[in-house]
Amino acid sequence: MLDIKLFREDAERVRAGMRKRDMDPAPVDEVIALDVKRRELLQEVEELKAERNTVSKEIGKMKDQAKRQAKIDAMGTVNAKIGKLDDELKEVDEKLRSILAVIPNIPDENVPKGFKEEDNVVTKQVGEIPEFDFEPKPHWELGPALGVIDFEQGVKVTGSRFYVLSGPAARLQRALIAFMLDLHIGQGYLEKYTPFMVKEDTVFAAGQLPKFADNLYKDHEEDLYMIPTAEVPLTGIHMDEILDEESLPRQYTAYSPCFRREKMSAGRDVRGIKRGHQFDKVEMYMYTKPDDSDAAFEKMVADAEATCIELGIPYRLILKCAGDTSEAARISYDIEVWAAGCQEWLEASSISNVGDYQSRRANIRYRGQGEKKTKFLHTLNGSGLGLPRTMIAVMENNQQADGSILIPEVLRPWMGGIEVIVPS
RNA sequence: GGAGGGAUGGCCGAGUGGACGAAGGCGGUUGUCUUGAAAACAACUGUGGGUUAACUCCCACCGGGGGUUCGAAUCCCUCUCCCUCCGCCA
């Protein structure tokens with residue numbers, strides 16, 4: 001959510017931001033009109049309320065019954081007006097909020113123009129693309145052959161886009177989770193374990209609603225949503241709080257499963273474990289002061305990159321163009337990991353500086369030392385890599401001619417002595 | 001699942017329908033005193049919104065929503081959460 005003052009003072013900036021994302025800026029004018037209307041109504045109704053307050057106080061002190069009753073009667077018409085205006089105001093307010101809720105964040109000036117994936121900019125590529133003296137296989141062949149990924153079982157118990165990991169593959173995923181969490185803890189993040197089901201307010205605060213309602217699983221009996229990312233509860237934990245300046249920046253990391261309907265991607269990435277309705281992820285999250293978020297963003301990108309570097313996975317860093325940057329974000333980088341078997345770059349991480357877009361929705365503020373006014377702080381989020389795609393890279397890049405998979409050195413401490421995955 | 005009790009400012013805690021945006025305490029800030037600190041004393045100290053060039057003034061907020069009333073922290077309804085006891089089960 002953007003600051004309403006921005007619409008009063010510099011609406012053109014908002015319009016320009018929307019155009020940069022290839023969106024129609026018309027809602028900006030709606031917001032401005034509603035804001036004007038809202039303030040007119042506010043002034044009118046507040047004046048009447050002020051009158052009611054003073055008269056009510058007078059009534060309380062009056063002894064003369066006749067005069068007293070006359071005052072009370074007079075208040076009847078005032079109250080009727082107040083009721084009518086309050087209703088109107090509520091209507092305007094709701095309309096205003098609902099439009100404001102779907103206006104995206106303003107892209108950072110460093111975000112490249114463009115609306116499509118092709119307009120994203122590859123800023124760097126790190127690591128050697130592995131060479132093989134045999135034909136490397138995709139994981140959907142390697143896994144079943146080794147007996148460690150079972151697609152049929154996933155379909156059997158749930159349906160398409162579900163799978164079962166077995167033995168060393170299940171353990172590999174667990175090792176990756178532990179490795180990533182420990183890495184981020186070392187980088188200064190505080191580990192959190194959060195609920196995986198959240199209420200609607202929490203999803204709204206994180207900016208996933210109303211836009212992505214289609215992509216979320218919901219328990220209609222309890223009105224709870226399954227989280228699509230740990231970013232949602234990590235935004236929610238400080239809702240409506242005023243944080244101490246000294247406690248900033250706050251750096252959190254959390255493991256969580258993520259649940260997504262993927263309706264928009266029907267028919268895409270159907271093979272393998274690339275895009276499931278349920279996947280695991282280790283997330284990084286930061287709360288910073290506004291002036292610190294740019295530097296924090298660089299740190300978070302580097303922290304995510306470190307995951308690939310330590311695992312020896314070749315990756316490239318992509319600066320997303322305006323049209324491809326998520327609506328809550330100011331600026332986002334994707335990390336794409338190389339998968340030797342599928343022969344493609346897989347998006348394994350997205351790191352975003354959200355500015356005050358989420359904190360405004362979630363009402364998370366801080367107070368500067370000796371300052372009277374509270375300020376909205378900035379939030380940043382980034383995947384410390386999604387697990388399935390990291391698994392794919394590890395499996396496919398480390399495969400050997402006989403179909404076995406070498407476990408990277410850094411993961412061995414969690415592998416219970418397993419150094420290579422061989423057919424079971 | 002059954003029976004009770006509760007939710008008030010950063011924290012603790014009072015609050016008979018008009019004095020209450022809210023006593024008192026703690027904490028915090030500033031000042032006096034002190035070489036400095038502590039102690040003591042004094043003043044200030046919630047959030048959001050509107051209005052104004054500004055001083056100002058006004059409105060709303062006592063867990064959320066609704067209602068009664070000229071007037072609600074206070075009465076009524078409802079929801080959520082917390083606590084205690086009993087039962088049941090991981």
Side-chain angles (χ1 to χ4, degrees), chain A residues 1-9 31-101 193-205 209 218-225 233 236-248 250 287 356-377:
Chain A
M1 191 132 60
L2 295 173
D3 189 351
I4 186 69
K5 291 201 183 89
L6 208 50
F7 291 79
R8 291 176 200 160
E9 289 156 13
V31 167
I32 292 169
L34 285 167
D35 179 48
V36 169
K37 181 76 183 160
R38 179 179 163 270
R39 282 185 291 166
E40 278 171 13
L41 288 168
L42 250 189
Q43 280 179 51
E44 210 178 329
V45 76
E46 284 188 354
E47 206 170 299
L48 290 171
K49 283 182 180 174
E51 185 189 343
R52 180 174 70 184
N53 287 346
T54 36
V55 173
S56 286
K57 273 183 190 152
E58 286 167 25
I59 290 172
K61 290 173 191 147
M62 285 172 91
K63 293 281 180 287
D64 186 322
Q65 281 307 315
K67 277 187 185 168
R68 190 182 146 96
Q69 194 54 48
K71 285 270 193 193
I72 289 173
D73 293 344
M75 278 302 100
T77 48
V78 173
N79 265 335
K81 275 192 214 163
I82 289 174
K84 189 167 155 288
L85 288 170
D86 264 342
D87 288 346
E88 269 182 72
L89 189 60
K90 198 176 167 188
E91 205 176 305
V92 169
D93 244 342
E94 276 166 12
K95 191 87 193 292
L96 182 60
R97 276 177 50 86
S98 70
I99 298 174
L100 217 44
Y193 170 85
T194 72
F196 302 145
M197 302 173 79
V198 295
K199 41 188 182 182
E200 187 163 312
D201 289 353
T202 310
V203 195
F204 179 86
L209 281 177
K218 182 181 182 185
D219 168 18
H220 287 275
E221 199 168 333
E222 308 288 344
D223 264 348
L224 293 176
Y225 290 82
I237 50 180
H238 291 306
M239 249 197 283
D240 295 319
E241 288 183 21
I242 298 171
L243 302 178
D244 283 339
E245 184 178 20
E246 306 86 76
S247 75
L248 300 173
R250 295 204 186 193
Y287 292 87
D356 61 6
Y357 194 84
Q358 276 174 338
S359 69
R360 202 177 285 283
R361 279 174 173 244
N363 192 29
I364 308 170
R365 294 161 294 166
Y366 78 99
R367 196 194 312 274
Q369 207 116 43
E371 283 180 41
K372 194 145 175 66
K373 285 293 275 183
T374 57
K375 287 192 200 128
F376 290 105
L377 34 74

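All values below come from the heavy atoms of this structure, side chains included, with hydrogens, waters and symmetry mates left out. Lettering of chains follows the sequences in order, A, B, ..., and the numbering in each one begins at 1.
Distance noted for atom C1' between B/U78 and B/A7: 16 Å (whole Å). As rounded to the nearest Å, B/A22 and B/A60 have P atoms that lie 14 Å from one another. On the P atoms, B/U68 is 16 Å away from B/A73, given to the nearest whole Å. The C1' atoms of B/G21 and B/G15 are separated by 13 Å, rounded to the nearest whole Å. B/G63 and B/U16 have their P atoms separated by 15 Å, given to the nearest Å. Between B/U74 and B/G9, the distance separating the two P atoms is 15 Å to the nearest Å. If you take atom P in B/C62 and the same atom in B/C44, they sit 25 Å apart, rounded to whole Å. Taking the P atoms as reference points, B/G2 lies 13 Å from B/C79, given to the whole Å.
Put simply, CD on A/Glu241 is 17 Å from C1' on B/G48, counting in whole angstrom units. Note: CZ (A/Phe376) to P (B/U47) measures 13 Å, nearest angstrom. Across the protein-nucleic acid pair, A/Leu224 atom CG and B/C81 atom C1' stand 14 Å apart, rounded to whole Å.
Nucleic acid contact class of A/Arg360 (heavy atoms, under 4.0 Å, all strands): none.
Taking A/Lys57 as the reference, nothing meets the salt bridge (Lys or Arg N to Asp or Glu O under 4.0 Å) condition, with sequence neighbours excluded. Among residues two or more places apart in sequence or in another chain, the side chain to side chain donor-acceptor pair (under 3.5 Å) test is passed with A/Gln43 by none.
Contact between the side-chain N/O atoms of A/Thr374 and the OP1/OP2 oxygens of B/U47 is not found at any separation under 4.0 Å. Of the side-chain N and O atoms in A/Gln43, one or more sit less than 4.0 angstrom from OP1 or OP2 of B/U51. Distances shorter than 4.0 Å separate none of the side-chain N or O atoms of A/Arg39 from OP1 or OP2 on B/G49. The phosphate of B/G49 (OP1 or OP2) has no side-chain N or O of A/Arg38 nearer than 4.0 angstrom.
Of the possible polar contacts, one joining the A/Thr77 side chain to the A/Ala74 backbone as a donor-acceptor pair under 3.5 Å is found. Judged purely by atom type and a 3.5 angstrom limit, A/Arg52 has no side-chain atom pairing as donor or acceptor with the backbone of A/Met75. Proximity of a side-chain donor or acceptor of A/Ser359 to a complementary backbone N or O of A/Leu377 within less than 3.5 Å is detected. For A/Arg68 (side chain) and A/Ile59 (main-chain N/O), a donor-acceptor pair under 3.5 Å exists by modelled atom type.
Applying the side-chain hydrogen bond (donor to acceptor under 3.5 Å, both in side chains) test to pairs two or more places apart or on separate chains, those with a residue in residues 88-100 of chain A are A/Arg38-A/Asp93.
The two residues A/Pro233 and A/Val198 make their nearest non-hydrogen contact at CB-CG1, 4.3 Å. When all heavy atoms are compared, the tightest approach of A/Val92 to A/Leu34 is CG1-O, 3.6 Å. Scanning all heavy atoms of the two residues, the minimum distance from A/Ile237 to A/Tyr287 falls at CG1-OH, 4.2 Å.
Atom CD of A/Glu47 is surrounded by 12 or fewer heavy atoms from other residues, nucleotides or ligands within 6.0 Å.
With values rounded to the nearest 0.5 angstrom, A/Asp201 atom CG is found 12.0 Å from A/Asn363 atom CG.
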Listing time: all N or O pairs from protein to nucleotides 6-10 of chain B that are below 3.5 Å?
none

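Annotated stems with RNA chain B as a participant read B:1-7 with B:80-86, B:10-12 with B:24-26, B:27-32 with B:40-45, B:46-50 with B:57-61, B:63-67 with B:75-79, given as range with range, by first number; only runs of 3 or more Watson-Crick or G-U pairs under 3.5 Å qualify.
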>> One character per nucleotide, please: for nucleotides 59-80 of chain B, 5' to 3', B when the base has a protein heavy atom closer than 4.0 Å, S when only the sugar-phosphate does, - otherwise.
In response: BS-----S---BS---------

